[in-house]
Amino acid sequence: MKYHIEKNTVQETLVIPLFGRLVCSEHFPELFSDPEAKRICDSLDYDFAEKRKKMESAAGLFGALEVAQRQYDLRCEVESYLKDHPKAAVVNLGCGLDDTFSKVDNGECRGYNIDLPDVIKVRNDLLPAGERETNLSCDLNDYSWMDGIDASGGAVFFAAGVFYYFRTADVKKLVCAMAEHFPGGVLVFDSCNKRGAGLMRKTWLKEAGITDVNAYFSLEDEAVLKEWSDRFASVTAKSYMRGYRDI
């Protein structure tokens with residue numbers, strides 16, 4: 001029996017990055033192998049025909065590569081942190097159906113996957129928590145989820161394709177609250193500049209009927225993050241993703 005995904009719902013947004021990973025592994029198996037993406041896609045009652053048509057275009061394949069590369073880059077950042085903090089909490093902010101924890105699990109760390117209730121419901125059925133892993137049903141803007149994280153061995157947080165959907169003011173409040181709650185922790189995330197954000201504003205923001213599009217998060221210069229809080233010990237940026245280290 002396949003798991004039904006209703007179109008035009010929050011649950012459908014889980015399909016896009018998942019299917020992108022699958023398409024990338026199909027077209028570029030020498031670069032990316034993602035059997036978990038195939039397993040989950042095969043278990044869904046969802047018509048991928050329209051999305052496959054778009055993904056097979058040059059722009060679609062670029063998007064698929066971007067999704068797969070993003071997961072790989074974030075994974076490398078998490079693994080780097082775990083080398084010095086093997087018992088750290090690995091926290092996936094806005095996790096969707098991302099399986100990064102299973103890829104970085106060193107046998108000592110703990111994983112936490114946080115997302116909205118409708119998303120966690122799907123995740124519990126299709127990607128249930130493993131040993132030392134917890135799926136938390138919570139809005140990231142409800143900071144009560146922070147109390148459920150055991151950061152006694154350190155903490156590395158990552159957000160893949162999440163902050164695009166947040167207003168800048170909400171991102172600032174969130175990361176500042178995290179800096180207060182988890183001193184010495186690390187956050188890694190991807191973002192786009194104003195030009196990239198502008199392209200997004202022509203698609204999902206417009207389709208969602210959102211009018212205050214300029215309030216949504218974009219990052220032209222990572223140095224602005226240092227102005228948000230004096231608790232940010234350092235800020236770094238890489239060609240693909242931007243983030244700050246050692247909050």
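All values below were derived from every heavy atom in this structure, side-chain atoms included, with hydrogens, water molecules and symmetry-related copies excluded.
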Is it true that [X] and [Y] fall in one hydrophobic cluster, defined by side-chain heavy atoms closer than 4.5 Å?
{"X": "Leu126", "Y": "Ile120", "answer": "no"}
{"X": "Phe62", "Y": "Leu31", "answer": "no"}
{"X": "Ile16", "Y": "Val162", "answer": "no"}
{"X": "Ile5", "Y": "Leu14", "answer": "yes"}

Reported [atom1]-to-[atom2] distance for the pair [X] and [Y], which is rounded to 0.5 angstrom:
{"X": "Phe189", "Y": "Tyr164", "atom1": "CZ", "atom2": "OH", "answer": "10.0 Å"}
{"X": "Leu44", "Y": "Lys2", "atom1": "CG", "atom2": "NZ", "answer": "8.0 Å"}
{"X": "Leu140", "Y": "Met146", "atom1": "CG", "atom2": "CE", "answer": "8.5 Å"}

For a quick test of reading the model, state the closest non-hydrogen atom pair linking [X] to [Y] and the distance between them.
{"X": "Trp145", "Y": "Ile149", "result": "O-CG1, 3.6 Å"}
{"X": "Val15", "Y": "Lys51", "result": "CG1-CD, 4.3 Å"}
{"X": "Asp190", "Y": "Gly161", "result": "OD1-N, 2.7 Å"}
{"X": "Asp147", "Y": "His181", "result": "OD1-CE1, 3.3 Å"}
{"X": "Asp150", "Y": "Tyr112", "result": "N-OH, 3.2 Å"}
{"X": "Gly96", "Y": "Val119", "result": "CA-CG1, 3.8 Å"}

Partner residues of Glu180 under the side chain to side chain contact (heavy atoms under 4.5 Å, CB included) criterion, sequence neighbours left out
Arg231
Output all residues satisfying side chain to side chain contact (heavy atoms under 4.5 Å, CB included) with Asp125, sequence neighbours left out; order by chain, then residue number.
Tyr3, Lys121
Is the NZ atom of Lys54 crowded by more than 12 outside heavy atoms at less than 6.0 Å?
no
[X] and [Y] ion-paired at < 4.0 Å:
{"X": "Glu79", "Y": "Lys83", "value": "no"}
{"X": "Glu26", "Y": "Arg52", "value": "yes"}
{"X": "Lys53", "Y": "Glu50", "value": "no"}

Using the salt bridge (Lys or Arg N to Asp or Glu O under 4.0 Å) rule, take Lys38 and Asp42 through it: C-alpha gap first, then chi angles, then the decisive distance, then the call.
CA-CA 6 Å; Lys38 176 173 173 51; Asp42 287 346; 3.1 Å; yes
Tell me whether [X] contacts the main-chain N or O of [Y] through its side chain, where contact means a donor paired with an acceptor under 3.5 Å.
{"X": "Arg123", "Y": "Asp98", "result": "yes"}
{"X": "Ser80", "Y": "Glu77", "result": "no"}
{"X": "Asp115", "Y": "Cys95", "result": "yes"}
{"X": "Lys226", "Y": "Phe232", "result": "yes"}

Parallel, tilted or perpendicular, as decided by the 30° and 60° cut-offs, for the rings of Phe32 and Tyr72
perpendicular
pair [X]-[Y]: side-chain heavy atoms closer than 4.5 Å:
{"X": "Val78", "Y": "Val188", "answer": "no"}
{"X": "Gln69", "Y": "Asp73", "answer": "yes"}
{"X": "Leu65", "Y": "Phe28", "answer": "yes"}

Determine, stepwise, if the pair Leu127 / Asp99 fulfils side chain to side chain contact (heavy atoms under 4.5 Å, CB included).
CA-CA 8 Å; Leu127 200 61; Asp99 62 336; 4.0 Å; yes
Please determine whether side chain to side chain contact (heavy atoms under 4.5 Å, CB included) holds for the pair Leu82 and Val90, giving the CA-CA distance in whole Å, both sets of side-chain angles, and the decisive distance to 0.1 Å.
CA-CA 9 Å; Leu82 289 176; Val90 178; 4.0 Å; yes
Sequence neighbours excluded and cut-off under 3.5 Å, please list the side-chain donor-acceptor pairs for residues 104-111, or say none.
from   : atom 1 : to     : atom 2 : distance (Å)
Asp105 : OD1    : Gly107 : N      : 2.9
Asp105 : OD1    : Arg132 : NH1    : 2.8
Asp105 : OD1    : Arg132 : NH2    : 3.3
Asp105 : OD2    : Arg132 : NH2    : 3.1
Asn106 : OD1    : Glu108 : N      : 2.8
Asn106 : OD1    : Cys109 : N      : 2.9
Asn106 : ND2    : Pro86  : O      : 3.0

Are Phe48 and Tyr46 close enough that their ring centers fall under 6.0 Å?
yes
